[in-house]
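Here is the structure we will look at, set down as structure tokens.
Protein chains get the first letters and strands the later ones, always in sequence-line order, with residue 1 at the start of each.
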Amino acid sequence: GNSVTQMEGPVTLSEEAFLTINCTYTATGYPSLFWYVQYPGEGLQLLLKATKADDKGSNKGFEATYRKETTSFHLEKGSVQVSDSAVYFCALSPLDDYKLSFGAGTTVTVRA
Amino acid sequence: KAGVTQTPRYLIKTRGQQVTLSCSPISGHRSVSWYQQTPGQGLQFLFEYFSETQRNKGNFPGRFSGRQFSNSRSEMNVSTLELGDSALYLCASSLGGQGSNQPQHFGDGTRLSIL
């Protein structure tokens with residue numbers, strides 16, 4: 001079946017530090033990969049996506065590259081801000097499967 | 001453009017009751033999916049509808065059901081509520097056509113508490 005494994009954290013960083021959240025997946029075929037972010041009391045917001053091998057998704061300073069050879073989609077940001085404090089979810093969706101399979105989520109806290 | 005709207009935001013019910021949650025997708029989106037979020041199990045897929053037809057279903061008991069209307073709005077019903085049904089229920093919408101993998105856009109959820 002399809003599954004996503006991501007580092008669970010929590011992760012605590014100082015402002016302007018480098019952030020990496022590891023995500024690996026198991027899936028048949030060529031799924032699309034996503035990172036979502038959830039702020040307290042809110043739903044999930046799409047952060048970035050990649051639909052095929054070697055695609056790089058990027059948004060708001062965050063980046064992730066679809067690596068088929070290592071079945072990974074690690075999230076990175078070069079300089080975090082306090083406003084980046086949230087829970088981050090890695091997810092996959094096989095083509096025409098019509099559902100997202102999520103990782104457990106990683107709580108990130110950025111201190112000023 | 002308005003986002004995904006879920007109502008109500010909060011609900012308190014007792015064991016044995018039933019509940020209906022509502023979701024209005026982004027205008028033009030024809031696919032609506034439902035997810036349950038709990039601290040223990042994380043985010044789990046319930047079901048997905050497109051043009052009033054259920055295309056995929058997760059591993060939940062038959063007490064959980066849904067439907068979609070011709071205007072793409074969707075409702076989710078849970079009957080005979082149990083304490084373990086306490087969760088944040090999230091609705092997501094996407095364009096949903098076959099052969100594409102459009103990202104899903106989420107609402108803020110309905111927080112259901114069972115007493």
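- The backbone N or O of A:Lys68 sits nowhere less than 3.5 Å from a side-chain atom of A:Tyr30 that would complete a donor-acceptor pair.
- When heavy atoms are compared at a cutoff of 4.5 Å, A:Leu44 approaches chain B by way of both its backbone and its side chain.
- Interface residue B:Leu88: only side-chain heavy atoms are found under 4.5 Å from chain A.
- Heavy-atom distances place the side chain of B:Tyr35, and not its backbone, under 4.5 Å from chain A.
- Neither the backbone nor the side chain of A:Gln45 comes within less than 4.5 Å of any heavy atom of chain B.
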Q: Might you work through the side chain to side chain donor-acceptor pair (under 3.5 Å) test for B:Ser70 and B:Glu52, ending with a clear yes or no?
A: CA-CA 6 Å; B:Ser70 58; B:Glu52 302 178 68; 4.8 Å; no
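- For B:Gln44, no part lies under 4.5 angstrom from a heavy atom of chain A.
- Residues B:Asp85 and B:Lys13 are not paired through a salt bridge, judged by the lack of any N-O separation under 4.0 Å between the basic side chain and the carboxylate.
- Heavy atoms from other residues, nucleotides or ligands lying under 6.0 Å from CZ of B:Arg15 number 12 at most.
- For the side-chain hydrogen bond (donor to acceptor under 3.5 Å, both in side chains) criterion with B:Tyr49, the lone passing option out of B:Gln54, B:Arg30, B:Arg55, B:Gln68 is B:Gln54.
- Of all the heavy atoms in B:Trp34 and B:Ser74, the pair that sits closest is NE1-OG, 2.9 Å.
- Chosen from A:Gln38, A:Lys99, A:Glu42, the residue pairing most often with chain B at heavy-atom distances under 4.5 Å is A:Lys99.
- B:Arg111 does not touch chain A: none of its heavy atoms, backbone or side chain, sits under 4.5 Å away.
- Residue contact with chain A, scored on non-hydrogen atoms closer than 4.5 Å, involves the side chain of B:Ser33 exclusively.
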